[in-house]
Amino acid sequence: MDAEQLREPYRCVSRVHWDELDPMGILHNARYQVHAERAVGTFFADFVSEADLFHAVRRFEIDYRQPLRGQGTIQVELWLEHLGRTSTRHGFALLDGAGRVLASGARAVVKIDPADFRPVGWSDTWRSEHLNRLRTKPSIPI
């Protein structure tokens with residue numbers, strides 16, 4: 001078994017509230033992205049510097065698998081799909097309480113210089129935290 005398989009997946013619990021539900025009592029499609037973004041923000045909270053927070057979302061894609069009905073908690077799993085000099089792409093999956101995949105996708109960002117809004121490289125801390133804390137594949141079948 002390699003180190004990747006031994007590394008615990010990064011998961012964050014996210015609460016679904018009643019005001020996120022559509023008239024049928026299903027989590028509104030736009031809210032899946034919010035829960036993915038919250039998980040990324042929680043991952044960043046422990047290590048990210050102000051300079052590395054200055055980045056722009058380049059792409060966000062999502063595949064919906066099954067609806068979530070009602071309030072409660074979901075888990076969001078994150079993994080690292082790509083870490084370039086100036087860009088990062090996280091994969092994610094939203095899971096219900098039974099571990100079923102509700103949705104999965106990817107979020108790509110580019111770090112930019114606040115002075116000229118041109119791409120600039122990530123810090124060593126950003127790079128090492130991503131490489132040491134995130135798997136490069138999901139722990140569940142997608």
Check the hydrophobic clustering (I, L, V, M, F, W, Y; side-chain heavy atoms under 4.5 Å; chains of links allowed) and say if [X] and [Y] are grouped together.
X	Y	result
Ile112	Val109	no
Leu27	Val34	no
Val120	Val110	no

Pairs meeting criterion ring pair (Phe, Tyr, Trp, His ring centres under 6.0 Å) with involvement of residues 100-119, two or more places apart:
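Ring pair (Phe, Tyr, Trp, His ring centres under 6.0 Å) check on residues 100-119 returns Phe54-Phe117.
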Take atom [atom1] in [X]; do more than 12 heavy atoms of anything else shown fall under 6.0 Å from it?
X	atom1	answer
Asp116	CG	yes
Glu50	CD	no
Arg15	CZ	yes

With respect to Ser139, which candidate in Glu8, Arg7, Glu77 satisfies the side chain to side chain donor-acceptor pair (under 3.5 Å) definition?
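Only one of Glu8, Arg7, Glu77 forms a side chain to side chain donor-acceptor pair (under 3.5 Å) with Ser139, namely Glu77.
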So Arg65 and Arg100, side-chain contact (heavy atoms from CB on, under 4.5 Å) or not? Walk me through it.
CA-CA 9 Å; Arg65 306 292 179 85; Arg100 291 183 298 255; over 6 Å; no
Rounded to the nearest 0.5 Å, how far apart are [atom1] of [X] and [atom2] of [Y]?
X	Y	atom1	atom2	result
Arg135	Leu78	CZ	CG	12.5 Å
Arg31	Leu21	CZ	CG	10.0 Å
His17	Gln71	NE2	CD	8.0 Å
Asp63	Leu102	CG	CG	13.0 Å
Asp124	Leu131	CG	CG	11.0 Å
Phe43	Arg133	CZ	CZ	4.5 Å

List, by chain and number, the other hydrophobic cluster members for Leu95, where Ile, Leu, Val, Met, Phe, Trp and Tyr join if side-chain heavy atoms come within less than 4.5 Å, directly or indirectly.
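Result for Leu95 is Trp79, Val101, Ile140, Ile142.
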Geometric class of the His130/Phe44 ring pair [parallel <30°, tilted 30-60°, perpendicular >60°]
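Ring orientation, 0 to 90° scale: tilted.
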Under the side-chain contact (heavy atoms from CB on, under 4.5 Å) criterion, do His35 and Val16 qualify, and how do the steps go?
CA-CA 9 Å; His35 288 278; Val16 175; 4.0 Å; yes
Identify the residue among Val76, Leu94, Ile74 that makes a side chain to side chain contact (heavy atoms under 4.5 Å, CB included) with Tyr32.
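Looking at Val76, Leu94, Ile74, the match for Tyr32 under the side chain to side chain contact (heavy atoms under 4.5 Å, CB included) is Leu94.
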Might you work through the side-chain contact (heavy atoms from CB on, under 4.5 Å) test for Lys111 and Trp126, ending with a clear yes or no?
CA-CA 11 Å; Lys111 183 180 175 189; Trp126 176 278; over 6 Å; no
I want to check something: taking the side chain as every heavy atom from C-beta on, are [X] and [Y] in contact at a cut-off of under 4.5 Å?
X	Y	answer
Leu134	His90	yes
Arg127	Leu83	yes
His82	Ser87	yes

Applying side-chain contact (heavy atoms from CB on, under 4.5 Å) to Tyr10 and Leu80, what does each step give before you reach the verdict?
CA-CA 10 Å; Tyr10 180 85; Leu80 180 65; over 6 Å; no
Please confirm whether the backbone N or O of Ala30 pairs with a side-chain atom of His28, one donor and one acceptor, at under 3.5 Å?
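Side chain of His28 to backbone of Ala30, a donor-acceptor pair under 3.5 Å: yes, one is there.
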Backbone of Ser123 reached by a side-chain donor or acceptor of Asp52 within 3.5 Å:
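Yes; judged by distance alone, with no hydrogens or angles, the pair exists.
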Take Phe60 and Phe92, measure what ring pair (Phe, Tyr, Trp, His ring centres under 6.0 Å) needs, and give me the verdict at the end.
CA-CA 11 Å; Phe60 189 95; Phe92 65 87; 5.4 Å; yes
Sequence neighbours left out, what passes side-chain hydrogen bond (donor to acceptor under 3.5 Å, both in side chains) with Arg69? Give chain and number order.
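Once residues adjacent in sequence are excluded, Arg69 has no partner under the side-chain hydrogen bond (donor to acceptor under 3.5 Å, both in side chains) criterion.
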